[in-house]
Amino acid sequence: MQYWLMKSEPDEVSIDDLARAGTVPWSGVRNYQARNFMRDAMQVGDLAFFYHSGCAEPGIAGICEVCSEPYPDATQFDPHSAYHDPKSAPDKPRWLLRDVRFVGKGRYLPLAELRSYVELANMRLLARGNRLSITPVTAEEWAFINRFMAEKS
DNA sequence: GCCAACGTTGGC
DNA sequence: GCCAACGTTGGC
C-alpha cells in the first residue's frame with residue numbers, strides 16, 4: 001500500500017468531473033518517470049491526493065483510489081488527440097495508465113498553504129523545480145494532509 | 001555518450 | 001504572458 005499525488009488540470013478533469021464519472025482512465029501522461037509509477041509501482045487499492053494544477057489556485061482537491069491494473073493509454077494511438085504519440089506502436093505501447101476511482105472531496109488545500117507547513121518541507125510535490133505529474137507521498141505526509149481533508153471549507 | 005537546442009510544465 | 005526548471009531529441 002502506497003500513497004501518491006496525481007496532478008490534473010481541472011479544465012480537463014477536475015475533482016467534480018471525477019466525482020460525476022466515478023472512474024476515469026488517467027490518460028495523457030507522457031513522462032517516463034510518471035509512467036513507471038503507474039506501470040510498476042502502483043497497486044490496486046493505493047490512495048492518491050487529487051491535485052489541481054495549471055489553474056488560478058493550484059492545490060489538493062480530494063482523494064482517489066487506484067482501481068485497475070496498468071493498460072495502454074488509448075489516446076497515444078489517436079491522431080486527433082493532443083496526446084497522440086506517432087512513435088508508439090499498438091503492438092508495443094509506450095504509455096500505460098491506470099483507472100482511478102473517486103473516493104472523496106475535502107477542504108481545498110492550496111499549494112501556498114501546503115508550503116506553509118514545516119511538516120511537509122520535504123514533500124516531493126514541493127521540491128524546487130518539480131514538474132512530475134505523479135509523485136509518491138509518504139505515510140507521514142499522507143496522515144498530516146489527510147486530517148485537513150475532513151475539515152469544513 | 002555528450003551536450004546544445006528545443007519543447008513542456010506549471011507557478012506566478 | 002513570463003520564465004525557471006526540467007525532459008527529450010538528435011547531431012556529432
Side-chain angles (χ1 to χ4, degrees), chain A residues 2-21 24-42 46-66 68 70-100 102-138 140-142 144-149 151 153:
Chain A
Q2 278 187 272
Y3 298 105
W4 306 94
L5 181 140
M6 302 171 79
K7 295 181 187 173
S8 179
E9 300 193 10
D11 284 353
E12 293 201 18
V13 181
S14 71
I15 189 74
D16 292 327
D17 293 332
L18 179 63
R20 267 189 296 274
V24 298
W26 204 262
S27 60
V29 168
R30 296 294 179 268
N31 169 283
Y32 289 104
Q33 225 181 323
R35 179 207 64 183
N36 293 347
F37 283 144
M38 285 203 283
R39 187 188 62 185
D40 308 326
M42 279 182 178
D46 282 359
L47 294 173
F49 289 127
F50 189 104
Y51 179 91
H52 284 180
S53 71
C55 53
E57 191 176 42
I60 293 173
I63 292 173
C64 59
E65 177 187 356
V66 175
S68 82
Y71 66 96
D73 180 343
T75 62
Q76 70 193 301
F77 305 123
D78 177 2
H80 302 298
S81 168
Y83 301 118
H84 180 229
D85 182 354
K87 292 182 194 162
S88 184
D91 57 327
K92 207 183 168 193
R94 184 180 286 195
W95 306 109
L96 303 184
L97 54 67
R98 302 267 186 159
D99 291 341
V100 303
F102 177 74
V103 171
K105 188 176 167 179
R107 170 169 80 82
Y108 195 72
L109 294 178
L111 177 61
E113 181 180 339
L114 296 174
R115 287 196 191 284
S116 75
Y117 297 119
V118 286
E119 290 88 343
L120 302 178
N122 296 319
M123 196 178 178
R124 187 85 173 267
L125 170 76
L126 307 180
R128 185 169 161 271
N130 170 63
R131 290 189 338 190
L132 258 188
S133 62
I134 299 176
T135 49
V137 172
T138 68
E140 292 75 20
E141 291 161 352
W142 182 272
F144 182 80
I145 295 171
N146 193 40
R147 75 182 213 277
F148 294 119
M149 290 271 99
E151 294 175 358
S153 27

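Residue numbers start from 1 in every chain, and the chains themselves are labelled A, B, ... in the order their sequence lines are given, proteins ahead of strands.
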Handout entry: Of all pairs that satisfy salt bridge (Lys or Arg N to Asp or Glu O under 4.0 Å), the ones with a partner from residues 109-138 of chain A, not counting sequence neighbours
Key =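 Found A:Arg107-A:Glu113.
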Completion exercise
With B for base contact, S for sugar-phosphate-only contact and - for none (protein heavy atoms under 4.0 Å), nucleotides 4-10 of chain B reads ---BBBS
Practice task
Find out whether A:Thr75 and A:Arg30 are in side-chain contact, i.e. whether some heavy atom of one side chain is under 4.5 Å from a heavy atom of the other.
Solution key: yes
Extract all donor-acceptor atom pairs below 3.5 Å that involve side chains of residues 46-62 of chain A and protein atoms in other chains or at least two apart in sequence.
residue, atom, partner, partner atom, Å
A:Asp46, OD1, A:Gln2, N, 2.9
A:Asp46, OD2, A:Trp4, NE1, 3.0
A:Asp46, OD2, A:Gln43, N, 3.0
A:His52, NE2, A:Ile15, N, 3.0

Practice task
Would you indicate what A:Arg30 reaches in the nucleic acid, counting non-hydrogen atoms under 4.0 angstrom: base, sugar-phosphate, or nothing?
Solution key: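 Nothing, no nucleic acid heavy atom in range.
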Practice task
Would you kindly give the CZ-to-C1' distance between A:Arg128 and C:dC3, to the nearest whole Å?
Solution key: 13 Å
Practice task
Scan A:Met38, A:Arg35, A:Gln33 and name whichever one has a side chain to side chain contact (heavy atoms under 4.5 Å, CB included) with A:Ile134.
Solution key: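 Of the listed residues A:Met38, A:Arg35, A:Gln33, the side chain to side chain contact (heavy atoms under 4.5 Å, CB included) partner of A:Ile134 is A:Met38.
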Practice task
Looking only at non-hydrogen atoms, find the nearest pair between A:Leu114 and A:Leu120 and report the distance.
Solution key: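 Smallest interatomic distance, heavy atoms only, reads O-CD1, 3.8 Å.
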